[in-house]
Each structure stands twice: as structure tokens, then as C-alpha cells.
Asker: 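Take this structure, written in C-alpha cells, and hold onto it; I'll ask about it next.
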Amino acid sequence: MPHLYLVDGSGYIFRAYHRLPPLTNVHGEPVGAVYGYTTMLWRLADEVHAAEGPTHMAVILDKSSKTFRNDLYDQYKAHRPPPPEDLVPQFPMIRDATRAFSLPCIETEGLEADDIIACYAKAALAQGWSVTIVSSDKDLMQLIEPGLDLYDTMNNRRLGAEHVAEKFFGIAPNQLGDVLALMGDSVDNVPGVPGVGPKTAAKLILEHGDLESVLAAAEGMKKGKLRDNLIEHADMARLSRELVSLRCDVALPEPLEDLELKGIPDAPLRAFLEHHGFRSLLTKLGQVADAPVPAPASVPMEEDPPCNLDEYETVQDLDALDRWITIARHQGWIAVDTETSSTDATQAELVGVSLALHPNLACYIPLGHGGTDLLAEVPVQIDVKAALAKLKDLMEDPSVLKIGHNLKFDMIVLGERGIDMAPHDDTIVMSFDLDAGLHGHGMDELAATHLSHSCIAFKDVVGTGKTQRGFHEIDLKTATRYAAEDADVTYRLWKRFKARLPAEGATRVYEMVDRPLIPVIARMERRGIKVDRERLAGLSAEFAGQIAGLETEVHALAGGPFTIGSPKQLGDVLFERMGLKGGRKGKSGVYSTDVTELERLARDKDAPGVDLVRKVLEWRQLSKLKSTYTDALQAQINPKTGRVHTSYSLTGAQTGRLSSTEPNLQNIPIRTEVGRQIRDAFVAEPGNVILAADYSQIELRLAAHMADVPALREAFANGDDIHSLTAQELFGEVNRDTRGRAKTINFAILYGISRWGLAGRLDVTPDEAQAMIDRYFERFPGVNRYMADTLEGVRERGFTETLFGRKTHFPRIKSKNQGERQGAERAAINAPIQGTSADIIKRAMVRMEPALDAAGLGHVRMLLQVHDELVFELPEGDVDAASTVICEVMENAATPAVTLTVPLGVDIGTGLSWGAAH
DNA sequence: GAAGTCACG
DNA sequence: GACGTACGTGACTTCG
């Protein structure tokens with residue numbers, strides 16, 4: 001059977017106007033109500049194929065303000081205020097929208113939309129059709145009967161007789177006209193009977209049956225105001241009855257059959273959506289979901305008003321949350337920030353979420369406040385589950401860009417709650433890709449630099465030290481000011497960076513390397529790596545015993561106890577008490593006692609105190625391993641997962657490398673046998689293995705490519721040992737000693753060589769070091785040239801660039817201080833090489849998961865990155881297949897953006913632990 | 001919080 | 001003639 005949907009367009013637009021925020025389209029025209037109307041039509045159109053969906057549909061509008069009711073009663077709707085100024089231009093747009101959907105739009109002179117709806121409803125019902133009136137107007141509820149219901153699209157509910165009974169105290173739909181007549185309507189100026197509201201009206205009708213019976217019974221009622229009013233205003237009640245009656249006796253402007261739905265042509269709808277810039281709907285129509293969002297140009301950035309913390313809203317009910325989500329869907333982007341109980345995203349409790357849509361249009365949604373002794377009273381908050389369900393839809397909506405500052409954190413927090421945020425932009429990464437080397441990228445610093453705004457300091461909100469409170473204990477007013485400010489500032493920064501990225505040539509590295517990496521890193525952090533606690537505890541105990549023994553021996557040799565860990569005391573003991581030779585270093589006037597100095601002392605077998613020095617070196621090594629690794633790592637194991645979850649910083653290293661904190665898993669020992677045991681504590685789950693894949697000599701290979709050194713390029717192409725080759729070229733023979741020296745020189749080149757530095761490393765004179773450097777430049781032409789070009793570039797432009805366009809700024813390149821300047825020069829020579837290497841492994845990481853998935857290796861988990869190494873955990877049986885994919889991805893990570901003239905080599909190892917995988 | 005030291009690439 | 005010498009990180013300890 002046909003099902004006719006009659007859309008009360010006029011009713012909808014008023015409700016939408018008051019309920020939705022004041023949106024404007026790309027032309028600056030107000031379109032809030034139109035947007036709401038368009039999304040509603042969309043939803044209805046989507047229901048076409050549903051079981052109870054429409055087969056016929058029409059939109060009914062009011063034609064003019066004068067109707068037959070004004071002839072009945074000249075005061076009808078007389079006091080109604082004119083529609084708001086910014087609603088008026090939206091009326092014609094409603095017609096545009098309806099036409100865009102190719103729906104019939106019906107309006108008739110002298111009739112209200114309600115009457116036309118009633119006519120169509122009756123006609124359809126008479127033919128046995130079902131009818132749904134898309135409205136929640138109480139007058140239209142009179143029409144409800146079997147086969148006809150109302151559909152309140154704003155609250156997504158069907159309204160039937162039960163709803164009328166519930167709202168009007170037991171009244172049936174066919175009695176509603178009488179109730180409405182008695183109670184009147186102040187908005188439409190239907191007079192009714194004074195003193196009679198819905199409750200009294202319903203009671204009277206239920207008691208007496210209908211209006212006339214009520215009026216007839218008035219005389220017999222007990223004396224009182226009600227009786228008097230009913231008698232005195234009986235005629236007004238009868239007039240009201242006529243006014244609220246719906247006329248269904250006029251001819252249908254268009255026959256029912258013509259309302260049949262015939263599908264919605266694409267072109268007019270697209271044109272309409274494009275005209276208004278309704279991005280999210282365009283996306284649904286089939287535009288690319290991840291198309292870059294244009295920078296909002298309508299408001300020049302300079303005209304952004306200053307941050308006004310008093311304008312922020314605290315969102316405490318679902319309706320309010322819906323409002324924010326609606327605007328986000330409309331404009332296609334939103335700034336997001338989460339407040340939590342901890343800076344460790346993998347263990348943090350969610351305390352609240354803040355959102356920003358425009359400068360100063362920001363809110364805070366408290367979700368986990370209260371619940372402690374300190375804040376005994378739990379404030380009004382949306383139920384976390386309900387709020388997260390709403391937020392999930394928004395966060396996962398492919399047509400809404402989520403903007404955050406260090407969004408990786410929020411991705412992890414929400415990821416732990418089943419929300420897979422996408423698409424995204426991150427202002428901390430944007431800032432890094434624009435301004436690495438110029439300043440930090442924390443929000444407070446960026447707000448001060450770019451917005452001349454000083455953010456509320458977190459410690460001013462929660463305090464410090466013993467009296468520090470959790471964010472969940474902060475009152476909502478303060479919490480809103482702090483949290484919403486962060487979202488607001490993030491939004492403002494995003495506008496600026498969004499415009500700067502293409503203008504400053506930073507889009508390439510941002511879009512190709514760093515932006516897509518964020519969710520990859522978030523997943524790695526969430527996975528963590530399993531650590532064998534017992535093994536670490538065993539090592540700790542072992543080290544503790546040895547340290548204690550060494551301490552006793554050191555004190556005995558030194559002739560008395562002192563704090564070995566104090567460089568100052570140790571220096572005094574060695575150089576004063578024991579009389580070893582060595583010089584002061586540093587401004588603080590403390591003897592240098594670092595490992596190179598102590599090893600120098602230890603080499604002199606005959607010097608007094610050699611034994612002491614050797615014991616101290618051993619003590620130092622074990623103390624370091626115990627305190628930094630075997631003890632600390634145990635404390636870092638997440639009790640819930642049994643794994644260690646590091647946090648990677650994408651902006652920590654100026655060159656574009658990642659850095660790793662809490663704990664740092666990029667400096668787990670490997671170079672010494674005793675330290676290496678710590679790696680054995682990083683293990684795979686039963687049935688799995690650890691796979692470590694590392695680039696072989698990647699920085700030297702890149703140097704060979706970038707400096708265009710034929711001999712080196714050939715050597716890499718042939719798979720030769722590059723340090724041996726260097727030894728052959730520099731010293732004419734290859735042995736352990738010359739190869740070691742050659743290796744040192746190769747690294748020295750990468751790091752920005754100085755004759756003194758190399759001399760110190762090789763224990764030769766600066767002149768001899770210079771001779772080696774000269775010979776190197778001679779044998780490997782291109783290197784010297786590359787270094788000179790790099791320096792010229794950085795002096796001229798202030799920054800270096802990687803092959804992928806990543807910039808690193810070096811403001812000190814112009815320093816008057818020679819030391820500073822030379823330091824900047826060395827760093828500038830290194831940055832393009834180290835940075836390109838970082839770009840390449842990042843690209844490999846971005847491509848790794850899709851490549852593994854495509855190969856049916858979805859169970860292979862990428863866990864760690866250590867600059868030139870990726871660590872995976874995978875089922876034992878997948879090793880061969882995974883190795884192939886991993887190698888392939890890593891070796892080809894530069895292409896097609898960059899074509900290298902050297903191959904990239906990857907070595908792979910596997911084992912039950914990280915240590916065994918090397 | 002600075003300085004010194006040392007773990008990694 | 002002095003400067004103070006390799007690039008990039010983070011964590012721990014001592015000490016003022």
C-alpha cells in the first residue's frame with residue numbers, strides 16, 4: 001500500500017530556526033534553518049526503501065499570512081511578532097531546497113499548510129493509504145487515527161494516539177480539537193476560555209465528551225471562576241473551535257498520484273549543496289571524503305575577536321550537545337580537546353571533552369567530574385555512555401574534520417573508548433612542519449606567539465605539589481574556561497596554519513608524511529610491548545649485588561666513603577685525593593669525570609688509582625642500567641595490559657625524528673653485552689615472535705645520494721661494506737683499525753665535521769685529522785660541495801630542507817657568537833640527512849598497516865620505532881610472509897615522491913625477544 | 001631546575 | 001688570539 005509523507009515545511013523551519021545555531025553559508029547568508037531542513041529531507045529520502053518508508057511525498061508550505069481564519073476572527077495570529085530578520089531570507093530557500101530534492105511543493109492561497117495537509121491526509125486515508133505527517137505541531141495531532149501518525153524528525157520519534165494521551169492527560173486525537181478550543185493558544189491568539197489550560201480543558205472534555213456538552217453543563221457546575229468563565233466566554237470557545245479545526249473540504253491542488261516519489265536526480269541537488277557549501281552533505285552525495293578542507297576565508301583572521309572565556313558554554317544535556325554536533329556537520333570541521341586524569345593517554349580517565357566551532361564559539365562537556373570526597377556533590381553531566389555515543393558519530397563522521405592540538409593523545413583516549421577518530425588535522429604537527437627550530441610548539445607558547453593570547457596555565461587551575469587536584473575535582477565554571485579555551489585556541493591556530501601550509505611549501509611533508517602518521521603512532525602506543533617483569537627483577541637484584549660490592553671496593557681504594565654518583569665528589573677524589581692528572585672543565589669548575597675521561601685515565605696502567613677508575617666505570621654502568629632500565633621499566637608496566645606503552649613525540653626532534661618518552665624505548669641498551677640482557681626482557685606473547693627490521697646504513701646511503709658521490713653510490717649498489725671501502729680509499733688497506741677509523745670519519749661527515757672533533761675521536765692531532773678530511777673530500781667528490789651548498793642555503797633562507805620538503809630552521813646560523821654559529825652549521829649539515837631518513841621511515845610506517853592488511857597479515861602488529869628500525873610482534877607462522885611485505889614497504893618507502901640513486905637495504909631478524917631478534 | 005652523565009640512533 | 005669542538009634525543013642523580 002502507498003505511504004504518503006506530508007512534510008510541514010513551515011512548521012519545521014520555525015522550530016529549526018530556534019533550535020539550531022545561527023549558521024551561515026559560504027556567502028554569509030543565514031542558513032541554519034535551511035540546513036536543518038535539508039538534512040531532514042535527506043533523512044526522509046533515505047527512508048524510501050525502508051519497510052514503512054514513503055512511496056509518495058510532498059512538502060506543504062504556508063502561502064500567505066491572510067487565511068479564511070482571519071475572516072472568522074480578525075485577531076487571529078494578530079499579535080504574532082514578525083519572523084526574525086535572519087529567518088526571513090530562509091523562506092524562499094526552503095522552496096529551493098525542496099526543488100533540489102525534486103519534491104512537489106504545495107501551497108494554496110487562503111489556506112494554512114495545516115489545512116492542505118489535512119485535505120491530503122483525508123484523501124489518502126480514504127483510498128486506504130498510510131499517511132505520515134512530518135511535523136510535531138499539536139494542531140495536526142487532531143488528525144491522528146489508525147493509519148496516520150506524526151513524525152517528529154527533530155527528536156526522531158513517531159507520534160500516535162498514545163503521545164496525545166500522554167501530553168493531554170488522556171485525551172483521544174478526535175477530542176483534541178475541543179481541548180484546543182477550550183485552552184486557546186496565546187501564540188496564534190486563539191482566545192479559548194480564560195483560566196482554562198490544557199489540564200482543565202482535558203478534564204472537562206473527558207468528563208463531558210465534547211465542547212458543546214461542556215458548555216451546556218456549565219450552568220450546573222459548582223459556583224466559581226471556572227463556571228463563570230465558561231458561561232461568559234462560551235461564544236469565544238465556539239469561535240476557537242472553528243479556528244482550530246482543520247479544513248479538509250477543498251480540492252487537492254495536485255492529485256495524489258502526482259506525489260509519487262521517482263528518485264532524486266543528482267545534478268540539482270548537487271548544485272544546491274554546492275551553492276550553500278553544505279560540505280557534509282556533498283560528501284554523502286559522493287564527493288571525496290578526505291578532500292582537504294578549504295581554509296575558512298569569510299572572516300579575515302586579523303578580525304578574530306580576542307578570546308572571551310565568558311562566552312564559553314558548559315554542555316550539560318544531550319540537546320545542547322546535539323546543537324554543537326549539528327554545526328560541526330554543517331561546516332565540516334571542529335576543534336576537539338579531551339580533559340583527562342593523566343598525561344598518560346593509555347591509562348587516562350576521561351573527565352570531559354571540549355569543542356570549538358568558531359573563535360569564541362566553544363564549549364566544554366563535563367563527563368567525569370565529581371565523585372570524590374573533595375567535590376562531594378556530583379554536578380549535572382550528560383551520561384558518559386550517551387555522550388560518547390553521540391561523540392562517536394561525530395568523531396567518526398568522514399565529512400567532519402577533527403582538529404586537535406597533539407591529537408594523538410585524544411585519539412588514544414577516545415580509541416580506548418571505541419572511537420576511531422577520522423579525518424584529522426593536528427596543530428602541533430602543523431606548527432612543527434612550518435616552524436621547526438624557531439620555537440616550541442606547545443599550545444601556550446603558540447597562543448602567545450601567534451594570537452598574542454596568554455592561556456590559563458594548567459597549574460593555576462589544579463595547583464601544584466601536595467595540594468594539586470585532579471581535573472575532575474575542578475568546578476565546572478573554571479573547568480569550562482580552561483578546557484574550552486584550549487579548543488578555541490586550537491581552532492584559531494588551525495586557521496592560521498591551514499593558510500600557511502601551502503603558502504610556505506609545507507603541505508607536502510604534512511600531508512605525505514606527518515599527518516597520516518598520527519593515527520599509526522596512536523595505535524602503536526595503544527598496543528605497547530610485553531615486558532617480562534621477572535626477568536627485569538632478576539637483573540635488578542643481580543646488578544644491586546654487584547653495585548654494592550663495587551661501592552665497598554671503591555670506598556676502600558679511595559680511602560673513605562663518598563658519593564660515587566656525585567661527579568663533584570668523584571672529581572675531588574680522583575684529581576685531588578688520588579692525584580690523578582686531568583683538567584678542570586666547564587664553568588662550574590668541576591672536574592670532568594665522564595666516560596671518555598675515565599677511560600683515558602684507565603688506559604694509563606701505571607697511574608695510581610687506575611683500579612679505582614675501572615671500578616667506578618663498572619659501577620656507573622651498572623647503576624645506569626639498574627636505575628634507568630631494570631628498575632624503572634618494571635614500574636612502567638601497565639597493570640591492565642601487562643605491557644609497556646611508550647609515548648612518541650612527533651615534534652620532539654628538530655630534524656623530524658620521533659622521540660620516545662615515559663619510558664624512552666629508543667635508548668634500550670644493545671651496545672654492551674650486560675646492557676643487551678635488558679632487551680631480552682622485551683618479549684612476544686606466547687605463540688608469537690618479535691621481528692626487528694632495520695635500515696642498513698640509511699644515513700650514509702642518503703648522503704651518497706644527496707651529495708651525489710659516485711664511488712659511494714656504486715658501493716651501495718654493489719652491496720659492498722662501506723666502511724671498508726672508506727678505509728681502502730683513505731688508508732690504502734683494510735684492517736680492524738683502519739675500518740674503525742673509517743667508520744668514525746664517515747659519521748663525522750654526517751655530523752658536520754671539525755678537525756678538532758675528529759682529532760679527539762681518533763686520538764690524532766688536528767692537523768692529521770684535517771689531512772684525513774682533505775683526503776676524504778678528494779676521494780669522494782661531492783661531499784664538500786654538498787656541505788657548502790647546504791650552508792649557503794641555510795644562511796640565505798634560514799632553514800634546511802629534506803628530500804620531502806621538511807624544513808628545519810636555524811636562526812643561530814647568523815649568530816655573532818662563533819660557537820653558537822658553528823654549532824648551527826654542524827646541525828644544518830646533518831639535518832637534511834637525518835631528516836630525510838626520518839621522513840622515509842615515517843612513510844614506511846604509514847604504508848605498513850595497509851600493506852600488511854592487503855597481504856592478509858592483519859595480525860602483524862607494529863610496536864616500536866627506533867629511528868632506523870621497526871619492531872613487530874606477529875604469529876610465528878607469519879614470519880616469512882610478513883618479512884617479505886615489511887622489506888618491500890621499507891625499501892620502497894621513498895617512492896614515488898622521491899627517486900633515490902642508491903638502494904635502501906633492510907635487515908630483518910626474529911626471535912622470542914627483542915634481544916634475540918637482533 | 002641546572003648540570004653532569006650515559007643509554008640509544 | 002679566544003672560542004671549545006660531532007648530529008639528534010630522554011632519564012636519572014646530585015646539589016644548590
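Note that this is a predicted model, so its numbers are computed, not measured. Throughout, protein chains are lettered first and strands after them, A, B, ... in sequence-line order, and every chain is numbered starting at 1.
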Asker: I'd like to check A/Glu525 versus A/Ser647 (side-chain heavy atoms, cut-off strictly below 4.5 Å). Are they in contact?
Answerer: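 A side-chain contact exists here, since the closest heavy-atom pair is under 4.5 Å.
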Asker: Under 4.0 Å, heavy atoms only, any strand: does A/Ile668 hit a base, just the sugar-phosphate, or nothing?
Answerer: sugar-phosphate
Asker: Does a nitrogen or oxygen in the side chain of A/Gln636 sit under 4.0 Å from OP1 or OP2 of C/dA11?
Answerer: no
Asker: Could you tell me whether A/Lys626 and A/Glu542 make a salt bridge, using a distance below 4.0 angstrom between a side-chain N and a carboxylate O?
Answerer: no
Asker: Grab the OH-C1' distance between A/Tyr751 and C/dG8 for me, whole Å please.
Answerer: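 Going from A/Tyr751 (OH) to C/dG8 (C1'), I get 8 Å.
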Asker: If I take atom CD in residue A/Gln621 and atom P in nucleotide B/dT5, what distance separates them, rounded to the nearest angstrom?
Answerer: 17 Å
Asker: For A/Ala632, report the nucleic acid contact type (base, sugar-phosphate, nothing); a contact means any heavy atom under 4.0 Å.
Answerer: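 Sugar-phosphate contact only - A/Ala632 comes under 4.0 Å of backbone atoms but never of a base.
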Asker: Name the nucleic acid region contacted by A/Asn664, choosing base, sugar-phosphate or nothing; use a 4.0 angstrom heavy-atom cut-off, strictly under.
Answerer: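 Answer is sugar-phosphate: A/Asn664 comes under 4.0 Å of backbone atoms only.
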Asker: Check this one for me: any side-chain N or O of A/Arg657 less than 4.0 Å away from OP1 or OP2 of C/dG8?
Answerer: no
Asker: Base, sugar-phosphate, or nothing: which does A/Ser660 touch, judged by heavy atoms less than 4.0 Å apart?
Answerer: sugar-phosphate
Asker: Within this structure, what is the CG-to-P distance between A/Asp631 and C/dC12, rounded to whole angstrom?
Answerer: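 Those two atoms, CG and P, are 10 Å apart.
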Asker: What does A/Thr593 touch in the nucleic acid at a heavy-atom separation under 4.0 angstrom: a base, only the sugar-phosphate, or nothing?
Answerer: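 Here A/Thr593 touches the backbone only, sparing every base.
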Asker: Quick one: does A/Arg620 reach the base of B/dG4 with a side-chain donor-acceptor pair under 3.5 Å?
Answerer: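 When only heavy-atom distances are counted, A/Arg620 does not reach the base of B/dG4 through any donor-acceptor pair under 3.5 Å.
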Asker: Looking at A/Glu801 and A/Arg797, does any basic side-chain N land under 4.0 Å from a carboxylate oxygen?
Answerer: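 Salt bridge: yes.
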Asker: Please check the phosphate of C/dT9 (OP1 and OP2 only) for any side-chain N or O of A/Thr655 closer than 4.0 Å.
Answerer: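 No, outside the criterion.
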Asker: Quiz question: going by heavy-atom distance under 3.5 Å, is there a donor-acceptor pair between the base of C/dA6 and the side chain of A/Arg826?
Answerer: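 No pair found.
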Asker: What integer distance in Å separates A/Leu633:CG from C/dA11:C1'?
Answerer: 11 Å
Asker: Rounded to whole Å, how long is the line connecting atom CG of A/Leu658 with atom P of B/dG9?
Answerer: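 Atom-to-atom, A/Leu658 to B/dG9, this comes out as 15 Å.
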Asker: Could you state the atom-to-atom distance from CD of A/Glu618 to C1' of B/dC6 in whole Å?
Answerer: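 For the pair A/Glu618 CD and B/dC6 C1', the rounded distance is 16 Å.
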Asker: With a 4.0 Å cut-off on heavy atoms, is A/Gly819 in touch with a base, just the backbone sugar-phosphate, or nothing at all?
Answerer: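 Here A/Gly819 touches no strand at all.
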Asker: Using both distances under 3.5 Å as the test, list the Watson-Crick or G-U wobble partner of C/dA2, or none.
Answerer: none
Asker: Applying a 4.0 Å non-hydrogen cut-off, can you work out what A/Glu662 is touching in the nucleic acid: base, sugar-phosphate, or nothing?
Answerer: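 Sugar-phosphate, backbone atoms only, no base.
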